[in-house]
Amino acid sequence: MFALIDANNFYVSCERVFNPKLAHVPMVVLSNNDGCVVARSNEVKALGVKMGTPWFQLRELAETHGIRAFSSNYSLYADMSSRMMNVLAVYSPDQEVYSIDECFLGLAGFGNHDLAAYGQRMRTQVRQWLGLPVCVGFGETKTLAKLANHCAKKNLAGRDGVCDLTQLSQTERSGIFAALPVNEVWGVGRRLTEQLNQRRILTVEDLRTANPETLRKAFSVVLERTVRELNGIACQSLESVAPNKQQIMSSRSFGTYVYDLPGLGEAVAVYMARAAEKLRRQGSLAGIVQVYIRTNPFKDNAPQYHPSLSIPLPEATDDTARLIRAAQWGLKRIYKPGFAYQKAGIALLDLSPQANAQIPLFASTPDRHSLMQVMDRINATFGRGSLRSAAEGMQQSWRMKRERMSPAYTTQWDELPGVG
DNA sequence: CTATAACTCTCAA
DNA sequence: CTAACGTTGAGAGTTATAG
């Protein structure tokens, strides 16, 4: 038995907690660089605005309906998220934090309880303690719990934001599933929906009753598992401890186009510093550095260029300076003048545990572990970028746009209204 | 020829 | 005033390459 708890319009709801006047105001939260819509209030959804719509395309609609837009304030959302996870953790010994706004709870042995009432308690407590609206779904598998959550949100089964599929007979479930399009199933995206529809699999019920072996042959083992999960056979277990990353990426679009190598070099250094910090936090070393830059793919009259390069390191490392040097070495090789670059990114690949580090065959400058440790500690105490590599630059004129940002209410004293 | 590396595609939030 | 379209990570399957 699983529960899936998911916040409603999470980023929008976080903004409203600290600015209650925004309740019922049509509003959106924008992606990095104030680019696309990534969260919509119900009022905006009702206007037909799709997830991922570029903000500039909404100007007219926004003006006529008074839609308010906010830059995404990740320090606020991350903090609210961790508070929410802490509240929910008390409801089960097993919790999997699946994303910033949702978690699974493992409910083995809860079979005899009134799950719907249990879900209501979660909802009430999260609402009281945090001011956030959430919905709760229960099912025998993670896929069913996800689907139950969707039913709760749409008021298709259950009531008041909670849906317990486990209490329904197969006939009752089939009735609900037959009314749900197949793309509502976790793991069925745009492409798969297209191909399933061609095979006359249109609804969740069509998929549930399809032959798993046939689908495995035609598609993949993933889809086979999904079909079994829809039938109550658990193929996915709860992952309560997040495994270490196998790759770490950092990339960002620029606030304005960058044309020259020094500008790109700064950006690459900043992204690498972030990635290296994550790398050290999980106690890994990177064996390969990848770097890429690209022009704006949406500007079809401009010349396009999107090169990338992998740089194998002589020894795996977590030393920021070494990693930056490798990335910039690669950048120099792929850079060509005459293009308007819109984005740069780096990746750390071939990660291995620090404990298994190989002793270098050829003597070279040792990694500066204690320096890295001090740097991480200073930045943890005084804020990101307090101590940084000179390669990251001072002006950073390429930095992303965030022109509509709300204060970091829960993590920065000086951003609180009325605090000097 | 086979095992692995590297890359592509899809999906998720 | 004009131009303006996200980020990170995983897994499966396919293709390229090394030995």
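So that the names make sense, note that chain A is the first sequence line, chain B the second, and so on, each numbered from 1. The analysis underlying the following values was restricted to heavy atoms, covering all of them including side chains, and did not include hydrogens, waters or symmetry mates.
Distance A/I346 CD1 to C/dT7 C1': 13 Å, rounded to the nearest Å. Rounded to whole Å, atom P of C/dT2 lies 14 Å from atom NZ of A/K299. Distance, A/L223 CG to B/dA12 P: 11 Å, rounded to whole Å. One atom, OH of A/Y11, and another, P of C/dT7, lie 13 Å apart when rounded to the nearest Å. One atom, NE2 of A/H306, and another, P of C/dC5, lie 16 Å apart when rounded to the nearest Å. Rounded to a whole Å, the CD atom of A/E102 is 6 Å from the P atom of B/dA13. Nucleotide C/dA4 holds its C1' atom 12 Å from the CZ atom of A/R404, rounded to whole Å. In this entry the distance linking NZ of A/K146 with P of B/dA13 reads 4 Å, nearest Å.
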If you restrict it to nitrogen or oxygen atoms, what contacts under 3.5 Å exist between nucleotides 3-9 of chain B and the protein, and what is each distance?
none

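By the side chain to side chain donor-acceptor pair (under 3.5 Å) test, A/E140 is found to be paired with A/R173, residues two or more places apart in sequence or in another chain being considered. Remark: A/S82 pairs with no residue by the side chain to side chain donor-acceptor pair (under 3.5 Å) rule, at least two apart or across chains. When the side chain to side chain donor-acceptor pair (under 3.5 Å) test is applied to A/Y409, no partner is found at least two apart in sequence or on another chain. A/R83 is linked by a side chain to side chain donor-acceptor pair (under 3.5 Å) to A/D79, counting only residues two or more places apart in sequence or in another chain.
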Using distance only, find each side-chain donor-acceptor pair of residues 254-266 of chain A under 3.5 Å and give its atom names and separation, not counting sequence neighbours.
{"unit_1": "A/Y257", "atom_1": "OH", "unit_2": "A/N296", "atom_2": "ND2", "d": "3.0"}
{"unit_1": "A/E266", "atom_1": "OE1", "unit_2": "A/W398", "atom_2": "NE1", "d": "3.0"}

In a table with atom names and distances, give each donor-acceptor pair under 3.5 Å that connects a side chain of residues 59-67 of chain A to protein atoms at least two apart or in another chain.
{"unit_1": "A/T64", "atom_1": "OG1", "unit_2": "A/E60", "atom_2": "O", "d": "3.2"}
{"unit_1": "A/T64", "atom_1": "OG1", "unit_2": "A/L61", "atom_2": "O", "d": "3.0"}
{"unit_1": "A/H65", "atom_1": "ND1", "unit_2": "A/L61", "atom_2": "O", "d": "3.3"}

Could you give the side-chain donor-acceptor pairs of residues 216-228 of chain A under 3.5 Å, partners two or more places apart or in another chain?
{"unit_1": "A/R216", "atom_1": "NH1", "unit_2": "A/E224", "atom_2": "OE1", "d": "2.8"}
{"unit_1": "A/S220", "atom_1": "OG", "unit_2": "A/V222", "atom_2": "N", "d": "3.2"}
{"unit_1": "A/S220", "atom_1": "OG", "unit_2": "A/L223", "atom_2": "N", "d": "3.4"}
{"unit_1": "A/E224", "atom_1": "OE2", "unit_2": "A/R228", "atom_2": "NE", "d": "3.4"}
{"unit_1": "A/E224", "atom_1": "OE2", "unit_2": "A/R228", "atom_2": "NH2", "d": "2.8"}
{"unit_1": "A/T226", "atom_1": "OG1", "unit_2": "A/V222", "atom_2": "O", "d": "3.1"}
{"unit_1": "A/R228", "atom_1": "NH2", "unit_2": "A/E213", "atom_2": "OE2", "d": "3.2"}

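Remark: A/E15 does not engage A/R68 in a salt bridge, criterion side-chain N to carboxylate O under 4.0 Å. Between A/E205 and A/R208, at least one side-chain nitrogen of the basic residue sits less than 4.0 Å from a carboxylate oxygen of the acidic one, meeting the salt-bridge criterion. Electrostatic pairing of A/E43 and A/R16 counts as a salt bridge here, judged by a charged N lying under 4.0 Å from a carboxylate O. Using a cutoff of 4.0 Å between basic side-chain nitrogens and carboxylate oxygens, A/D318 and A/R280 are not scored as salt-bridged. Under a 4.0 Å N-O distance rule, the pair A/D34/A/R402 does not qualify as a salt bridge.
A heavy-atom distance below 4.5 Å is not found between the side chains of A/L285 and A/L351.
Across all strands shown, A/Q195 has no heavy atoms under 4.0 Å from either base or sugar-phosphate atoms. Heavy atoms of A/F10 sit nowhere under 4.0 angstrom from any nucleic acid atom. Using a 4.0 Å heavy-atom criterion, one finds that A/D101 contacts the sugar-phosphate atoms exclusively. Note on A/V185: only backbone sugar-phosphate atoms sit closer than 4.0 angstrom, heavy atoms only; bases stay farther off. Among the protein residues, A/F254 comes within range of no part of the nucleic acid, since none of its heavy atoms lies under 4.0 Å from any strand.
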Test A/R384 against A/E277 for salt bridge (Lys or Arg N to Asp or Glu O under 4.0 Å), laying out the working first.
CA-CA 10 Å; A/R384 176 182 302 154; A/E277 225 177 282; 5.6 Å; no
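A stem is defined here as three or more consecutive Watson-Crick or G-U pairs, each with both distances under 3.5 Å; for DNA chain C these stems are B:1-13 with C:7-19.
OP1 or OP2 of C/dG6 lies within a sub-4.0 Å distance of a side-chain N or O belonging to A/Q342. At C/dA4, none of the side-chain N or O atoms of A/N33 fall inside 4.0 Å of OP1 or OP2 (strictly under the cut-off).
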A correct 5'-to-3' footprint of nucleotides 8-19 of chain C, with B, S and - meaning base, sugar-phosphate only and no protein heavy atom under 4.0 Å, is SSSSSS------
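Residue pairs meeting the ring pair (Phe, Tyr, Trp, His ring centres under 6.0 Å) criterion with at least one partner in residues 315-356 of chain A, sequence neighbours excluded, are A/Y305-A/F339, A/Y335-A/Y341.
Comparing B/dA12 with C/dG6, their C1' atoms are spaced 14 Å from each other, to the whole Å.
Using a 4.0 Å cutoff on non-hydrogen atoms, no part of residues 55-80 of chain A comes near DNA chain B.
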